[in-house]
Protein chains: 2
Amino acid sequence: MNNTRLSTALHILSLLAHSEGDLLTSEWIAGSIGVNPVIVRKEMAVLKKAGLVESLAGKEGGTRLAKPAQKIKLSEVYQAVQQATLLGKKNLQPNPNCPVGKKINDQLEALYAEAEEKLMKFLAKKTLAEFSSVF
Amino acid sequence: MNNTRLSTALHILSLLAHSEGDLLTSEWIAGSIGVNPVIVRKEMAVLKKAGLVESLAGKEGGTRLAKPAQKIKLSEVYQAVQQATLLGKKNLQPNPNCPVGKKINDQLEALYAEAEEKLMKFLAKKTLAEFSSVF
DNA sequence: CTAATTGTAACAAATATTATTACATTTAAA
DNA sequence: TTTAAATGTAATAATATTTGTTACAATTAG
């Protein structure tokens, strides 16, 4: 995760959690994060697909949480934005004629999956409500 | 971690764990991984700094583990190769005039640090010996 | 109607990662 | 003592990923 996707998503969701159900525009949110509004809208598309937010188009439109902040687990947020695996890419071209090369990726996959599972359990214990309660 | 650094490091270390203390050359290791020998030597420099391997220069030179595979924890390997934080970068330019923007990075930092700590405890329970026992 | 907004595609710019070349240095062995 | 085989590392190039931008169609309240 050498990117800002999770940070951006949590920032967006924290703002929405504090908006009391009011619709916030991508432009307004972008101003708080310090990024381009299109970045926000793209991230919104991802959060929307995951059922975390809902948007209304058109004048006076905007976005709000699709369910209470108490019911949004941080694991859901992570899974929505996640692309690459937590611990990295596997090896791309291991040599199948080498006993290690032949099996390394299975072994890495197992390790990485287990690590990710542990992380999910950790994040599942935390809610957006808790995370954003300090603001 | 959208890179292959940990995978490469674990591949290298697994080969060394199976070499019975024999010195392996970066060229040979590179052939098993399927990357350029210089990539291996660069990663070696990192593992060496962490005290996990030792190298001998010159003809008939190469690299071997600096301590038994039973004593190398995967958390040590992770910490040696890690650059970015586990869950990503913080927001770069949050708006300090916004209550959320002002504190978001502290909050993200706390969350990310906790997640990383959990991961370290998980990886500290695993050794290179276990990881490479299947080869 | 009109103005404000979302949604998204297409493209550009910036950054990060991986690969390559080159060569100085080291060292065993012929 | 010379040579060949290594490491170590700097410099640079090539790729891939991430982030930013522009443009515009579609939607909708007023």
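Chain naming here is simple, since letters A, B, ... match the order of the sequence lines and numbering starts at 1 in each.
For the pair A:Met44 CE and C:dG7 C1', the interatomic distance rounds to 12 Å; values are reported in whole Å. Rounded to a whole Å, the CG atom of A:Asn3 is 14 Å from the C1' atom of C:dT17. Protein atom CD1 of A:Ile39 is 12 Å distant from nucleotide atom P of D:dT22, rounded to whole Å. Look at CZ on A:Arg64: it is 15 Å from C1' on C:dT5, rounded to the nearest Å. Atom CG in B:Asn36 sits roughly 15 Å away from atom C1' in D:dA6 (whole-Å rounding). Nucleotide D:dT18 holds its P atom 16 Å from the CG atom of B:Asn91, rounded to whole Å. When rounded to the nearest whole Å, the span between CD of A:Glu43 and P of D:dT21 equals 16 Å.
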**Message:** Between A:Lys48 and A:Glu54, is the salt bridge (Lys or Arg N to Asp or Glu O under 4.0 Å) condition met? List the steps.
**Reply:** CA-CA 6 Å; A:Lys48 203 173 159 184; A:Glu54 58 194 12; over 6 Å; no
**Asked** After noting the C-alpha distance and the side-chain angles of A:Gln107 and B:Phe131, does the key distance pass the side-chain contact (heavy atoms from CB on, under 4.5 Å) rule?
**Response** CA-CA 7 Å; A:Gln107 199 62 355; B:Phe131 180 82; 3.4 Å; yes
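Residue B:Leu56 is found in a hydrophobic cluster whose other members, listed by chain and number, are B:Leu23; membership requires side-chain heavy atoms under 4.5 Å apart, directly or through intermediates.
Near-neighbour residues of DNA chain C inside residues 17-33 of chain A, defined by a heavy atom below 4.0 Å, number-ordered: A:Leu24, A:Thr25, A:Ser26.
Distance check, rounded to the nearest 0.5 Å: CG of A:Leu87 to CG of B:Leu119 gives 5.5 Å.
Nearest heavy-atom pair, A:Leu65 versus A:Ile72, reported as atom, atom and distance to 0.1 Å: CD2-CD1, 4.1 Å.
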Distances for protein N/O vs nucleotides 28-30 of chain C N/O pairs under 3.5 angstrom?
residue : atom : partner : partner atom : Å
C:dA28  : O4'  : B:Lys59 : O            : 3.3

Protein and nucleotides 8-16 of chain C: nitrogen or oxygen contacts under 3.5 angstrom:
residue : atom : partner : partner atom : Å
C:dA16  : O3'  : A:Asn2  : ND2          : 3.2

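Nucleotides of DNA chain D nearest to B:Thr63 and B:Leu92 differ in position, and the one nearer the 5' end is that of B:Thr63. Comparing A:Gly61 and B:Val35 by the nucleotide of DNA chain C whose heavy atom lies nearest to each, the residue mapping closer to the 5' end is A:Gly61.
A donor-acceptor pair under 3.5 Å is absent between the side-chain atoms of B:Thr4 and the main chain of B:Ser7, judged by distance alone.
B:Thr4 comes within 4.0 angstrom of the backbone, heavy atoms only, and of no base.
With sequence neighbours excluded, the residues satisfying side chain to side chain contact (heavy atoms under 4.5 Å, CB included) with B:Asn105 are B:Lys90, B:Asn91, B:Pro94, B:Leu108.
For the 3.5 Å distance criterion, the side chains of A:Gln83 and A:Arg5 qualify, holding a donor opposite an acceptor.
Residues in residues 16-28 of chain B take part in these side-chain hydrogen bond (donor to acceptor under 3.5 Å, both in side chains) pairs, two or more places apart or across chains: B:Ser26-B:Arg41.
In B:Lys67, the NZ atom is crowded: over 12 heavy atoms of neighbouring residues, nucleotides or ligands sit closer than 6.0 Å.
For B:Ser55, no side-chain nitrogen or oxygen approaches OP1 or OP2 of D:dA6 to under 4.0 Å.
Connection of A:Leu92 to A:Val100 is not established within any shared hydrophobic cluster, with ILVMFWY side chains joined at heavy-atom distances below 4.5 Å, either directly or through further cluster members.
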